[in-house]
Number of protein chains: 2
Amino acid sequence: MDINKAKDVFRRSGIKFSQQRLQIFLLLNNKNEPISADDIYLELIKGESNNINISTVYRILGLFTKKGLVLKSNLNIDGKATFEINHRDHRHHLICIQCGKIVPISGCPLKEYERSLIKKTNYLILEHNLEIRGICPECQKIRESKDIGI
Amino acid sequence: MDINKAKDVFRRSGIKFSQQRLQIFLLLNNKNEPISADDIYLELIKGESNNINISTVYRILGLFTKKGLVLKSNLNIDGKATFEINHRDHRHHLICIQCGKIVPISGCPLKEYERSLIKKTNYLILEHNLEIRGICPECQKIRESKDIGI
DNA sequence: ACGCACTTGCAAATTAATTGCATTTGCGTT
DNA sequence: AACGCAAATGCAATTAATTTGCAAGTGCGT
């Protein structure tokens, strides 16, 4: 994702361009895991020339969310809300409860199920979220070597 | 769920009995949807003789969660964490985005999928959460009568 | 370069959640 | 049934996340 592409997305979404919006948008595009407002802020202020305020981060995330560019993840990381780019390809995550690593998983196992749910409940199903938690291969090795029970 | 049953659960979980714990436990058992600490507090103080403090509510929810009686739902309702009784039968929810109603759905569509995910990723899968959002039949009728697009 | 609406920074306010400490309560023992 | 102690609660104050008001700054069309 480069600057011109970002400007394009902004224009199409009716979002006025600004440096701060650009930076947050690029950062979110380079992450493939949910990130908190505070972490975005910390990443941006450690970047060389770049300055930004935490309230601006919140405001921009709110704007992006309202415009559908960003999803407010239902995954709260110790009390902080997290956000991620709205990959329209409908992505879920696999989260390691040991090291906190989050990896996107491809495909969605719920298409068929939702159809049956519609029949059963008469709800108009619009969206869902799914997070799966477990222990990644690396952390499993560490656990084995320390002989910790689950 | 009556008082003696609750006392039994407490004893088996190593939880000392108290009025406040009882009330929160009974309330959670009568809800079948996630509820925030604040809403629990509000429901309890409007009850006749009953008084409780919001910090006590948080402390008891923390205790119940630690002991596995209660699950901290990943569903945050405008910025507030929510909690629900740990039905060990592994329940998911269907949420109406119009009226906010939450109904539990029976069965879980992910058993088979998790098995395939284990093979593919070598993760040790421990748990997952799934929330499905849509519009309930009643709200659909209201929308139709008002002719609102989605 | 100019002007105006929109955005940002800053500081203060709000709200959720936590904590320290004095008081109260549950419960086993006498 | 009263006693005593550890644990639980209430209260007030604190911390931490998020929001908001307002003055100053910026993007963008003219």
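Source: prediction; values computed, not measured. Every heavy atom of this structure was used, including side-chain atoms; hydrogens, water molecules and symmetry mates were not. Proteins get letters first, then strands, A, B, ... in listed order; numbering begins at 1 in each.
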- Task: For nucleotides 3-8 of chain C, just jot down a letter per nucleotide in 5' to 3' order: B, S or -, based on protein non-hydrogen atoms under 4.0 Å.
- Result: ---SSB

- Co-members of L71(B) in a cluster of I, L, V, M, F, W and Y side chains, linked at under 4.5 Å: none

- Task: Answer yes or no: does atom NZ of K111(A) have more than 12 heavy-atom neighbours from other residues, nucleotides or ligands under 6.0 Å?
- Result: yes

- Look at Y58(B) and dA17(C) and indicate whether a side-chain polar atom (N or O) is within less than 4.0 Å of OP1 or OP2. yes

- Query: If you count the non-hydrogen atoms of other residues, nucleotides and ligands that lie under 6.0 Å from NZ in K80(B), is the total more than 12?
  - Reply: yes

- salt bridge (Lys or Arg N to Asp or Glu O under 4.0 Å): which pairs involve residues 91-102 of chain B, sequence neighbours left out? D89(B)-R91(B), K101(B)-E138(B)

- Message: Just to be sure I understand the rule, does S36(A) reach a base, reach only the sugar-phosphate, or reach nothing, if contact means heavy atoms closer than 4.0 Å?
- Response: nothing

- Quick one: on DNA chain C, does A81(B) or I54(A) contact a more 5' nucleotide (nearest heavy atom)? I54(A)

- Query: First and last nucleotide of DNA chain D touching chain A, 5' to 3', heavy-atom cut-off 4.0 Å?
  - Reply: dA17(D) to dC28(D)

- Message: I'd like to check the side-chain contact (heavy atoms from CB on, under 4.5 Å) partners of L42(A); sequence neighbours left out, ordered by chain and number.
- Response: D38(A), D39(A), I45(A)

- Query: Is the count of non-hydrogen atoms from other residues, nucleotides or ligands lying under 6.0 Å from I118(A) atom CD1 greater than 12?
  - Reply: yes

- Partners meeting side-chain contact (heavy atoms from CB on, under 4.5 Å) with Y58(B) (sequence neighbours left out): A37(B), I54(B)

- Do we get K72(A) above F83(A)'s six-membered ring, with its NZ or CZ under 6.0 Å from the centre and within 45° of the axis? no

